Amino acid sequence: GGRSPLAASIAGGGDPVSQALAVEEKPVTAGKVHRLHLEVDSARWCVNREDLVVFEQEVRALWMEGGIPQSIHCDASDHEDPKIGPSIHQVCKHYIKPVTLEAGGMSWALMRHPEGLTCDVFATHCWDEGVFEFLSKVRLAWPVDHEAKGLYCCFLANPQNGGIEDMLNDGPDRSPFAQALNTAKHFLVIPNSKVSIYSRLWCVYEAHLAVEAASKGTLNIMLPSTVTHCAVITFSLPGVLSFLLGLILAYFFCAAFYGFVFQPLVWMVLVMIGSPFLGGSIRCLAKSAPSKVAAWATLSSYWLELFIIGHGLGLAFWHFRGFADQYVAGRRVSHSFEIGEGWACLPLAFSLVVLYLSIIIRRVSRSIAQREAHMLKFTSVRHAICSRGDDALRIKRAIQGQEDHIDRCIEILSHAGKYDKALLRNIANGMSPLNARLGANPFRIFIAVWAWEYWWVTDLAAHAHHIYCIQAPAATCALALIAWYFVRDHACFAFDMLFFGGLLFVAVSKLWLNSLPDPRAGDDETPQRFLSWETLPIQLLGLCLVVIASLYHYCGLRKTVWGERSSCGALGVGQSHCLLTCCDEDDALQAAAARCTHLRRPSRHDDEDHHDDEEIVDEFSARGTCCDEDPVVQAELANIGEEIVDLFALDGRLCQGDSSDEETTEQETTTLAEEDEALARVQP
């Protein structure tokens with residue numbers, strides 16, 4: 001866990017700037033790849049989270065002492081920024097190469113773990129980014145999955161002292177990148193503040209492989225969107241204080257004036273319906289304001305909703321203070337709880353508060369994902385370049401005919417913050433992009449369980465079975481959470497139906513009970529009513545409606561009924577308006593909808609590809625090569641680019657497309673159709 005000996009000597013011995021310049025003048029190279037890279041499968045050249053901490057400590061120490069100088073070839077404006085730091089080019093040259101050469105010439109990952117680690121997470125990124133920016137985003141985006149141990153990261157996994165070129169000669173599909181992606185479960189897209197990663201051909205090829213795996217359901221693609229603990233406290237604490245303020249004001253001051261107007265449960269239903277309406281109205285009005293004002297107005301609207309919920313719950317709890325039951329002609333007219341109802345109402349109320357706090361956190365998380373997605377901006381993967389001409393040719397051959405497909409998938413990723421089979425299927429089945437992106441919220445499960453078992457808990461508490469009235473819904477919540485853990489977003493529509501159906505059941509059943517004559521009217525010796533039995537028909541009817549709605553969604557009936565609206569091939573104005581209506585909370589989706597109203601997919605028979613190849617030549621000539629390439633290569637890259645164009649001209653299929661590509665299998669056709677429909681909703 002400590003600093004390697006060479007790293008310590010680099011950081012502490014002599015003049016660090018002179019040592020760094022010495023490395024600059026005499027690049028460290030080795031002729032052959034280390035034997036570990038021949039013995040250990042390339043999919044196991046991984047590091048874990050603890051390794052990333054050690055790596056950052058050593059690099060930061062060397063950087064602070066001047067051992068990693070600014071590059072004279074590339075933009076180094078953020079070199080001194082402690083949150084961004086030196087580029088990975090410079091870190092590789094002045095830290096990774098000397099340290100690993102001293103250890104024997106293997107990669108940094110195999111230096112830490114000679115036996116290797118199973119690849120669970122794959123990170124795609126660009127070497128122009130700052131190393132500290134990259135590390136912080138990887139740690140934040142690390143999957144919650146407890147089995148995610150090993151991370152494949154190219155500059156740590158591959159041997160930087162020579163030999164990697166030989167591994168790439170067999171084609172990109174046999175490269176270490178491809179082998180690692182075959183075993184990975186999670187694919188982290190790490191944008192940066194300098195350049196779009198999809199301006200690099202290797203990142204495009206990794207996206208190509210990742211999209212294929214995600215379409216089969218074996219890989220989850222995601223952008224960094226995790227919220228730090230500091231952000232959780234910063235944005236949640238005002239919400240908690242707003243809720244407590246509303247609760248105290250209602251309970252001690254306002255309830256005496258109008259608390260008796262409605263029954264306790266009615267107050268809860270009113271605030272659950274009214275608060276989202278008021279908050280949504282504020283968010284719609286704030287969209288015309290400047291971005292920072294709109295962001296704070298959005299957060300403030302959620303805090304206001306929590307204040308309203310607290311106020312409504314305060315009015316409901318006020319009835320605990322002792323309204324006496326009154327009966328007129330055999331009907332109850334007071335506004336008190338049913339006996340034992342408080343045991344069901346209190347957990348339901350506080351679950352609602354926790355749900356709103358989770359919504360605030362998700363809103364902040366979505367904003368982070370939108371900021372990261374903004375860094376992915378690109379025109380098309382056709383414009384991506386590579387520092388090695390032969391690699392560029394191989395990758396162009398590998399993704400030939402799939403450029404439009406990759407572009408569409410990256411667009412979906414940019415607007416949804418993730419890309420997986422569940423997202424595509426939910427959008428294709430007719431779910432709004434906003435709900436499909438948010439997925440299944442586990443906090444809604446608690447509310448659904450307490451709502452559906454509301455009167456069962458009330459009856460158990462009324463008959464003094466207080467332990468059972470807690471154990472029953474707790475056990476149901478545990479079973480529901482186990483189901484959520486395994487199905488997650490695949491069943492988010494079913495979970496949503498249970499949530500809304502439960503709230504509707506509680507409201508309707510309360511009205512039903514109020515309409516029935518109370519057998520206890522005027523007779524305190526009459527046994528307590530079994531409210532769960534009296535409301536059982538409504539409960540069964542509600543569950544049947546939930547099942548029907550779920551079948552309507554998952555069996556494709558929703559898609560069949562609304563197919564002309566949801567899966568239209570052309571991106572029309574009407575569909576844009578529909579998207580803006582259902583996703584009015586998302587500025588990025590609105591902008592995408594407006595932009596894509598006039599979007600036309602390019603034809604393969606256009607002359608774009610020839611124009612793209614000319615741009616590649618210009619890019620090679622202008623950029624030369626990456627910062628740490630040999631100067632001789634810089635002088636030859638323009639000729640390499642011209643050779644690539646000549647090869648493209650000889651092989652017309654690389655530029656014009658091949659008629660055989662149109663004969664896709666039925667599975668590929670289905671996948672593309674789902675992605676088209678997903679894009680039609682994310683970008684109408």
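Quantities reported herein were computed from a predicted structural model and do not represent experimental measurements.
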Worked verdict on Leu545 versus Leu504 for side chain to side chain contact (heavy atoms under 4.5 Å, CB included): CA-CA 11 Å; Leu545 292 176; Leu504 183 62; over 6 Å; no
Closest approach of [X] and [Y], non-hydrogen atoms and distance?
X: Ala462; Y: Ile339; value: CB-O, 3.3 Å
X: Met497; Y: Val546; value: O-CG2, 3.7 Å
X: Lys185; Y: Leu219; value: C-CD1, 3.4 Å
X: Gly312; Y: Val271; value: CA-CG1, 3.4 Å
X: Ala440; Y: Asp489; value: N-OD1, 3.2 Å
X: Ser215; Y: Lys421; value: O-CD, 3.7 Å

Quick one: does any side-chain atom of [X] pair with a main-chain N or O of [Y] as donor and acceptor, under 3.5 Å?
X: Asp459; Y: Ser532; answer: yes
X: Tyr554; Y: Asn429; answer: no
X: Lys149; Y: Leu117; answer: no
X: Asn426; Y: Phe493; answer: no
X: Ser351; Y: Ile447; answer: no
X: Trp142; Y: Ala148; answer: yes
X: Asn48; Y: Gly150; answer: no

Could you measure the distance from the [atom1] atom of [X] to the [atom2] atom of [Y]? Nearest 0.5 Å is fine.
X: Arg425; Y: His490; atom1: CZ; atom2: NE2; answer: 7.5 Å
X: Asp420; Y: Arg488; atom1: CG; atom2: CZ; answer: 11.5 Å
X: Phe505; Y: Leu543; atom1: CZ; atom2: CG; answer: 8.0 Å
X: Met268; Y: Leu313; atom1: CE; atom2: CG; answer: 5.5 Å
X: His311; Y: Trp267; atom1: NE2; atom2: CH2; answer: 7.0 Å
X: Leu460; Y: His466; atom1: CG; atom2: NE2; answer: 9.5 Å

For Asp120, salt bridge (Lys or Arg N to Asp or Glu O under 4.0 Å) partners two or more places apart: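 Partners of Asp120 by the salt bridge (Lys or Arg N to Asp or Glu O under 4.0 Å) criterion come out as none, since no residue qualifies.
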Could you tell me which residues satisfy salt bridge (Lys or Arg N to Asp or Glu O under 4.0 Å) with Arg44, sequence neighbours excluded, listed by chain and number?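 Not a single residue meets the salt bridge (Lys or Arg N to Asp or Glu O under 4.0 Å) criterion with Arg44.
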State, yes or no, whether a side-chain contact exists between [X] and [Y] at a heavy-atom distance under 4.5 Å.
X: Leu315; Y: Val261; answer: no
X: Leu531; Y: Tyr454; answer: no
X: Met222; Y: Leu188; answer: yes
X: Phe307; Y: Leu249; answer: yes
X: Leu241; Y: Trp303; answer: no
X: Trp343; Y: Ile470; answer: yes
X: Val487; Y: Phe495; answer: yes
X: Pro191; Y: Pro224; answer: yes

Going by side chain to side chain donor-acceptor pair (under 3.5 Å), name the residues that satisfy it together with Glu305, two or more places apart in sequence or in a different chain.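 Scan of Glu305 (side chain to side chain donor-acceptor pair (under 3.5 Å), adjacent residues dropped) gives Arg283, Tyr356.
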With sequence neighbours excluded, what pairs up with Val47 under the side-chain contact (heavy atoms from CB on, under 4.5 Å) test?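 Scan of Val47 (side-chain contact (heavy atoms from CB on, under 4.5 Å), adjacent residues dropped) gives Asp51, Leu52, Trp108, Ala109, Leu151, Leu156.
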What residues, two or more places apart in sequence or in another chain, satisfy side-chain contact (heavy atoms from CB on, under 4.5 Å) together with Val240?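 Expected list: Leu244, Leu357.
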Inter- and intrachain pairs under side-chain hydrogen bond (donor to acceptor under 3.5 Å, both in side chains), touching residues 537-546, at least two apart: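 Every pair satisfying side-chain hydrogen bond (donor to acceptor under 3.5 Å, both in side chains) with a residue in residues 537-546: Trp456-Gln539.
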Go through the steps for Val138 and Val121 under the test side chain to side chain contact (heavy atoms under 4.5 Å, CB included), then give the verdict. CA-CA 10 Å; Val138 168; Val121 185; over 6 Å; no
Verify the neighbour count for atom CG of Leu540: are there more than 12 heavy atoms of other residues, nucleotides or ligands below 6.0 Å?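 Count over threshold, so yes.
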Plane angle bin for Phe350 and Phe243 - parallel if under 30°, tilted between 30 and 60°, otherwise perpendicular: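 The arrangement is perpendicular - the two ring planes meet at more than 60°.
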Angle class for the His465/His463 ring planes (parallel below 30°, perpendicular above 60°, tilted otherwise)?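 Ring orientation, 0 to 90° scale: parallel.
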Report yes or no: do Trp455 and Ser509 form a side-chain donor-acceptor pair below 3.5 Å?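 Looking only at side-chain atoms, Ser509 and Trp455 do form a donor-acceptor pair, the distance falling under 3.5 Å.
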Apply side chain to side chain contact (heavy atoms under 4.5 Å, CB included) to Trp484 and Ile445, showing your working. CA-CA 9 Å; Trp484 169 84; Ile445 296 176; 3.6 Å; yes
Out of Leu352, Val449, Asp496, which residue meets the side chain to side chain contact (heavy atoms under 4.5 Å, CB included) rule with Arg444?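 So, applying the side chain to side chain contact (heavy atoms under 4.5 Å, CB included) to Arg444 and each of Leu352, Val449, Asp496, only Asp496 qualifies.
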